[in-house]
Amino acid sequence: MQGYFRKNLWFVKNLRLRKISTLLIFLMSLKNLNPNPLDQNHLCGLYGDTLLSKEGYFTLSWDCKINLLQEKNNIVLESSIDSTFANPHAVLELSRYVHNSLSITGKTKGDYYYRIFDHSEKKALSNIFFVKVRPHSMAMALGYFFAGLFLFIILIGIIIVQYRKHTKGEEPCRN
Amino acid sequence: MILLAVFSVLWIFLGWYWGKDSKDLDDFMLGGRNVGVAMGVATAMATWVTSNTTMVAPQLAYQLGIWGMLGYSLGSIGLILFAPLAVRIKKLIPNGHTSGDFMRLRYGKIAWRTFLVISLFYSIGWLVSLGMAAGVLLESLSGIPYEIGLTVILSVCVAYTMLGGLKAVIGTDFIQTIIIVAGVSALGWYAIDTLSLETVYQKVSERNSALLNLAMPAGIMFLFNNLFFGVGEIFHSNVWWSRSFAFSNKTAFRSFSLAGIFWAPIPIAAGFIAFVAFPLEIGIPQADSVGPLVASFLLAKTGSILVFIIVFSSLASSLDSLLAATSDLILTDIYHKHMRPNATKTELRKKVPYVIIILGLVTYALCLPRLSNLAQLLHFTGAFVASTIWPIVFGLFFKKANPKAATWAMILGSGFGLLGYFAIGFYTAALISAAVSLLVTLIGYLRNKVDFQFENLKEKEI
């Protein structure tokens, strides 16, 4: 946090402002905590912006100790619904990918495992990153939906009725 | 680089050209209070098509699927519902300059100051997100460093807003609307033409089936939340109030309602582009970059140029409007009403350029560190702006709307909205805020025994 502060908010001289800015940034960063920094046992560290997604989307990121991904072919980001990767699915061929993060989306309820795998040498290059997708309950979603609908009907009702009442007998303003 | 230079020179020239006769404060701030329908529709549309529409609409379609795309287009409801409010505003406050004028005269100083805090927080948050988007987009599409892209776009917008005021903003908005609508339509059409709808559907349903599921809980929750976020943004913001004052009596209703109707398909066209990422197997590093990345991939160099032109236009059309409206709010509600109550119109007119420059510099300073989480700050504002909806609607139509309740509605609505933001998700903040705010406003209305006289809103001209 302090390093980030020194790097990006050096221009804030006032102590109280500094504290407020730091607190604000900390609060804003809570949702982006990096739960799994570079793994010491692997060449690459694989991590994500959340361990539990209620929306079915999340972002995976990776750091490699050397510029491995550009030097080798057949390095793939794989996903599986079990931790043994018995039936893995290739998400992305990393040797042709210039970024070090990937936005994953549209996932239904379930457990998802990810790893970076070298198919030439048949070995995993990263730790396994595990994310749970547990959508909100349908009852909760419908509760919000109907609450929103109710508020919307009230809003439209008030505006239409009051607008008509207050412009009654006047020349229509829309002409 | 050449394209950037051409557009920069064009906007500044047009700003100077349209604003060269704006000597009077009303001319500069409110375009002489006589803007016609065509310009009215164009400026409302262009302002509402922000970098958020061209970047966040695809992002929401990418993350929340069909509901994300449709939910974003519900932002048009805010514009449509503002049409009758604009007529009422013009009738009640014919000499008004800002949304702050209404809050001050209708609810008194405490509610007014609470409102100013919310409105300025929202405006700065929006300005910073636009400035950052400018830098990030130029960097990702053309390789121009973030700081240079940010500096150029912000300087251009500050320059032509300062030179021409609202007339320049509305004039450039007209051209920018044509560019945005044509560009987004061309991109959407090309995407459908290249990959059939069937292919897109098949690929999305293979591994990202939740996006096509109409029973997706987060998507369902997002729908009305986004509607109330949009309504809150429009109902409270001086960007829209200044347009109400600027439009002639006969054009306000038609301008806002038509702009809303024409705007609605734009997020759907922009959002659809996100679905194309799946059949094309494009890796998306961050969800908010899905639109530009797909466009560049689909149309190669032409795509990058097209996206650049669309986004530059949408950024400029919102940045200029926001700079103009926020500087009006600062000049009228803070400088004039708090610091120099005896200032004349001529004096205030002379201060306008300084306020715009200072606002531009503040935005620049906040954008420069490139705080990645400032995009979240914009979602944050949903809780604040939605809390202002009911105090404004009740205040415009009901004599018994209560000043104390209006203040508490804004404070408690914002508080509970923020709670929802952290405890549940960004897609609940505005809805919770609006619900709490309605409850408080309604209690205040039922308990109030004093009738407000709407004649009191007709303040003398400065």
Side-chain angles (χ1 to χ4, degrees), chain A residues 7-11 24-25 27-32 54-57 59 61 77 89 91-94 97-103 105-109 133 135-138 140-145 147-149 151-152 154-156 158-160 162-167 170 172-175, chain B residues 62-65 77 81 83-85 87-88 90-91 204 207-213 215-221 223-225 227-228 231 249-250 252-254 257 283-287 290 365 369-371 373-374 376-377 380 389 393-394 396-398 422 424-425 427-428 431 434-435 438:
Chain A
K7 190 179 163 195
N8 293 307
L9 287 170
W10 48 268
F11 55 89
L24 185 66
I25 290 167
L27 285 172
M28 306 293 273
S29 312
L30 279 179
K31 288 190 170 182
N32 296 320
K54 289 189 169 290
E55 297 83 15
Y57 61 78
T59 304
S61 311
L77 175 70
H89 157 67
V91 179
L92 192 70
E93 169 72 57
L94 293 181
Y97 188 67
V98 293
H99 310 282
N100 68 341
S101 65
L102 182 72
S103 175
T105 183
K107 294 295 171 199
T108 49
K109 184 181 176 182
V133 174
H136 294 289
S137 71
M138 203 56 199
M140 185 180 180
L142 288 177
Y144 274 89
F145 179 84
L149 183 64
L151 289 185
F152 181 51
I154 294 178
L155 183 66
I156 285 201
I158 290 177
I159 291 177
I160 292 177
Q162 292 300 319
Y163 175 71
R164 288 173 71 96
K165 188 178 152 189
H166 288 284
T167 52
E170 290 177 14
C173 293
R174 59 179 82 88
N175 294 326
Chain B
Y62 188 73
Q63 293 183 319
L64 297 174
I77 301 288
L81 289 182
L85 295 198
V87 175
R88 182 85 178 138
K90 277 202 77 85
K91 189 184 163 192
V204 176
R207 293 205 176 268
N208 309 84
S209 57
L211 298 179
L212 301 175
N213 182 8
M216 181 191 201
I220 293 172
M221 290 159 85
L223 200 68
F224 280 104
N225 183 78
L227 188 149
F228 279 98
V231 169
N249 277 332
K250 293 179 178 175
F253 190 97
R254 256 202 291 185
S257 48
I284 305 297
Q286 295 293 336
V290 62
R370 202 174 173 174
L371 301 170
N373 41 30
L374 272 171
Q376 289 177 12
L377 192 67
F380 230 58
I389 297 172
V393 172
F394 273 63
L396 280 171
F397 290 118
F398 298 114
F422 283 113
I424 304 165
Y427 40 82
T428 60
L431 188 57
L438 171 63

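Chain A is the first sequence line, chain B the second, and so forth, proteins listed ahead of strands; every chain is numbered from 1.
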Using non-hydrogen atoms and a 4.5 Å limit, figure out which bit of [X] sits close to chain A: side chain, backbone, both or neither.
X      : answer
B:V204 : neither
B:L223 : side chain
B:L396 : neither
B:L431 : both
B:L227 : side chain
B:I77  : side chain
B:F228 : side chain

Counting heavy-atom pairs under 4.5 Å with chain A, the top scorer among B:A215, B:G219, B:A83 is B:A215
Does a side-chain heavy-atom distance below 4.5 Å link B:I424 with A:K54?
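They are not in contact (no side-chain heavy atoms under 4.5 Å apart), so the answer is no.
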**Report entry** Atom of A:H136, atom of B:P217 and distance for their closest heavy-atom approach
**Finding:**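 Shortest heavy-atom separation between A:H136 and B:P217 comes out as O-CG, 3.1 Å.
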Q.
Looking at every heavy atom in both A:K107 and B:A210, which two are closest together, and how far apart are they?
A.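 Looking at all heavy atoms of both residues, the closest pair is O-CB, 3.8 Å.
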- prompt: Is the side chain of A:S103 donor-acceptor paired with the backbone N or O of B:I284 at a distance under 3.5 Å, no angle test?
  reply: no
Under the ring-ring contact (aromatic ring centres under 6.0 Å, His included) rule, collect the residues that match up with B:F394, sequence neighbours excluded.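 For B:F394 the ring-ring contact (aromatic ring centres under 6.0 Å, His included) partners, ignoring immediate neighbours, are B:F398, B:Y445.
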